[in-house]
Amino acid sequence: MQTQHVKHFTFLITLIAALGGFLFGFDMAVVSGIIEPVRTQYGLSAAEEGLFVSFALLGCIIGVAFSGYLADKIGRKKVLFVAALLFWVSAIGFSFSSTYTILIIFRIMAGAGVGVASNVSPLYISEIAPAPKRGGLVTFYQLAITIGVLAAYISNLFLHRYSLAHAGTGSGVLHWLFVEEVWRGMFFVSVIPAAVFCVLLLTVPESPRWLAKHNRNEEALGILVKINGEDEARTEFGAIKEAFTQREGGVKELMQYPLRGLLVMTMVLTALSQFSGINGVVFYGPTILRSAGIVIGDVLLYQVMLGLASMVFTLIAIWKVDTLGRRSLYLIGSAGAAVSLALTGLCFAYGINGWGMLVCIMLFLLFFAFSLGPLKFVIATEVFPNHIRGTALSICIMTMWVSDWIVNLLFPLMRDGLGVANTFFVFSFFCVCSYVYAKRNLFETKGKRLEEIEQFLSSETVKGEVKIG
């Protein structure tokens with residue numbers, strides 16, 4: 001009975017924390033439905049279109065930059081609440097912006113919310129998860145992202161059809177928001193999950209590792225008992241306190257061996273996963289499919305299908321990450337993503353439209369969803385010592401958003417300059433690089449407590465350098 005209670009408690013707080021991932025996915029994907037009307041309404045060039053999307057990513061970088069420091073100072077839970085507020089305020093502000101400049105300001109604010117959530121949500125989940133289930137529970141964050149993406153696609157499709165059905169039939173603020181300028185309404189609906197996230201965060205505990213770090217030992221132990229049961233909780237609490245006998249860590253320490261090798265590995269894997277072009281596919285989905293001759297109504301329906309596939313495929317990662325392990329899934333996924341992106345490029349090159357192209361894109365989403373997508377979060381939250389994990393994860397997530405900013409800034413220029421086919425070939429090349437690098441450098445961490453991984457890495461040193469690979 002106690003075991004069932006422990007499982008339910010851990011699962012519940014994981015789901016609440018993963019709502020940050022839902023809002024992340026919704027915010028990123030909803031843009032796919034508003035790029036075209038915003039570009040038309042404001043007469044944006046290809047470069048300006050790229051800037052419009054990339055301003056949100058600039059906000060992500062800003063959010064990551066301060067979230068790691070704040071998470072270490074005031075706690076994971078409070079910083080997640082900051083993310084929820086940023087989502088809520090930006091959704092309202094963006095929807096009612098009167099000028100393009102104000103629109104950009106609230107896009108940056110929304111991006112900051114995404115940046116905070118992308119850093120602190122997986123960090124929090126990794127610190128409350130029992131070791132045997134940690135990979136799967138952290139992957140729930142990626143599942144929440146895909147659910148958010150799917151929800152945005154369904155919402156966009158519904159509101160687009162609603163606006164067509166009610167065009168010229170009403171007046172007032174709601175008619176303006178959901179019919180006349182429906183792209184505003186597409187963004188406005190994120191107010192609801194943001195408010196729910198704010199309320200539910202009031203019910204979750206603080207990270208036991210953060211509490212132990214700040215000598216709130218009774219609170220930390222009490223939460224660990226709820227997560228792991230009495231015996232395992234005391235063992236884990238002892239390991240946590242022993243790990244925190246080390247000095248406070250900072251960026252300077254990360255620049256020294258053995259941590260420098262780990263930081264380089266996680267940053268490279270993170271950057272290469274984003275250079276696969278996943279957010280280009282998410283943000284510019286309608287543009288990509290329109291290039292294949294698919295009309296706008298069908299594009300939104302196709303996106304719902306792609307979002308549903310991505311969500312289902314992520315379940316494979318949750319199912320297998322703690323049995324097959326991180327390294328095997330990463331290698332399989334990188335190779336499969338490279339092949340499927342190359343096939344997508346060939347579809348564009350030879351004019352293979354419709355279902356043939358859709359299957360190729362779905363294959364890419366399949367391989368990304370159970371490997372490159374979730375595993376960068378799992379790996380980055382596992383390999384660094386407790387006392388420096390927040391700072392290290394911030395740098396890795398910062399790498400992700402800088403990489404995304406580059407991809408989304410350049411995607412319209414690559415699409416118009418190189419052509420869509422060659423753009424997908426470039427993305428495929430980066431997946432090949434990801435496979436080669438992971439094969440040489442990535443090691444297995446499944447089933448170990450965070451403190452056990454720390455001890456393992458400390459023992460696996462030769463001449464001050466971590467054996468990676």
Side-chain angles (χ1 to χ4, degrees), residues 18 20-29 31 53-69 71 79 83 108 110-126 138-139 141-146 148-149 251 254 262-283 310 314 317 326 330 333-334 337 368-369 371-384 389-411 427 430-431 433-434 437-438 441-442:
F22 177 91
L23 287 163
F24 170 173
F26 192 97
D27 186 276
M28 294 290 99
V31 175
V53 174
S54 63
F55 267 121
L57 297 174
L58 175 62
C60 293
I61 294 170
I62 294 170
V64 173
F66 73 77
S67 64
Y69 173 80
V79 179
I108 293 173
V114 170
V116 173
S118 68
N119 186 19
V120 184
S121 285
L123 173 64
Y124 176 82
I125 294 170
S126 74
V138 174
T139 303
Y141 174 73
Q142 179 68 26
L143 177 64
I145 293 175
T146 64
V149 169
V251 175
L254 283 170
L262 295 172
L263 185 64
V264 169
M265 181 191 73
T266 52
M267 288 176 68
V268 171
L269 290 176
T270 298
L272 289 175
S273 76
Q274 302 314 108
F275 288 151
S276 70
I278 181 63
N279 277 2
V281 173
V282 172
F283 287 168
S310 184
T314 304
R326 288 64 159 146
Y330 210 96
S334 297
F368 185 89
S371 62
L372 298 174
L375 292 185
K376 61 177 175 285
F377 297 116
V378 176
I379 293 165
T381 57
E382 288 183 334
V383 299
F384 296 101
R389 185 175 296 119
T391 301
L393 183 60
S394 294
I395 294 174
C396 293
I397 300 298
M398 179 80 75
T399 301
M400 180 182 78
W401 289 120
V402 170
S403 302
D404 277 343
W405 182 77
I406 293 170
V407 170
N408 288 283
L409 181 63
L410 296 181
F411 186 91
F427 292 152
F430 280 113
C431 288
C433 294
S434 184
Y437 188 84
N441 295 281
L442 186 58

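Owing to the predicted nature of the structure, the values given are computational and were not obtained by experimental measurement.
- Shown here for G115 and V64, the closest heavy-atom pair between the two residues is O-CG2, 3.4 Å.
- Rounded to the nearest 0.5 Å, atoms CZ (F22) and CD1 (I145) are 12.0 Å apart.
- Minimum heavy-atom separation, A71 to V120: CB-CG2, 4.3 Å.
- Side-chain atoms of D27 do not come within 3.5 Å of backbone N or O of L23 as any donor-acceptor pair.
- Rounding to the nearest 0.5 angstrom, the gap separating the CD1 atom in I61 from the CD1 atom in I397 is 12.5 Å.
- Qualifying side-chain hydrogen bond (donor to acceptor under 3.5 Å, both in side chains) partners for S67, counting only residues two or more places apart in sequence or in other chains: N119.
- Residue Y330 comes nearest to L269 through the heavy atom pair OH-O, 3.2 Å, listed as atom of the first residue, atom of the second, then distance.
- A 4.5 Å side-chain heavy-atom check between V79 and Y124 finds every atom pair outside the cut-off.
- Formation of a donor-acceptor pair under 3.5 Å by the Y437 side chain with backbone atoms of L272 is not found in this model.
- Atoms OG1 and CE, from T270 and M265 in turn, are 9.0 Å apart once rounded to the nearest 0.5 Å.
- We find the CD-CZ distance between Q274 and F430 to be 12.5 Å, quoted to the nearest 0.5 Å.
- To the nearest 0.5 angstrom, C396 atom SG is 11.5 Å from L123 atom CG.
- Taking every heavy atom of both residues into account, A117 and A83 meet most closely at N-CB, 4.1 Å.
- Remark: the backbone N or O of L263 is paired with a side-chain donor or acceptor of T266 at under 3.5 angstrom.
- Considering only heavy atoms from C-beta on, S126 stays 4.5 Å or farther from Y141 through its side chain.
- Heavy atoms only, all atoms of each residue included: F24 and S118 are closest at CE1-CB, 3.8 Å.
- When all heavy atoms of S434 and L372 are compared, the pair lying nearest together is OG-CD2, 3.5 Å.
- Distance CD1/I278 to CZ/F368: 4.5 Å, rounded to 0.5 Å.
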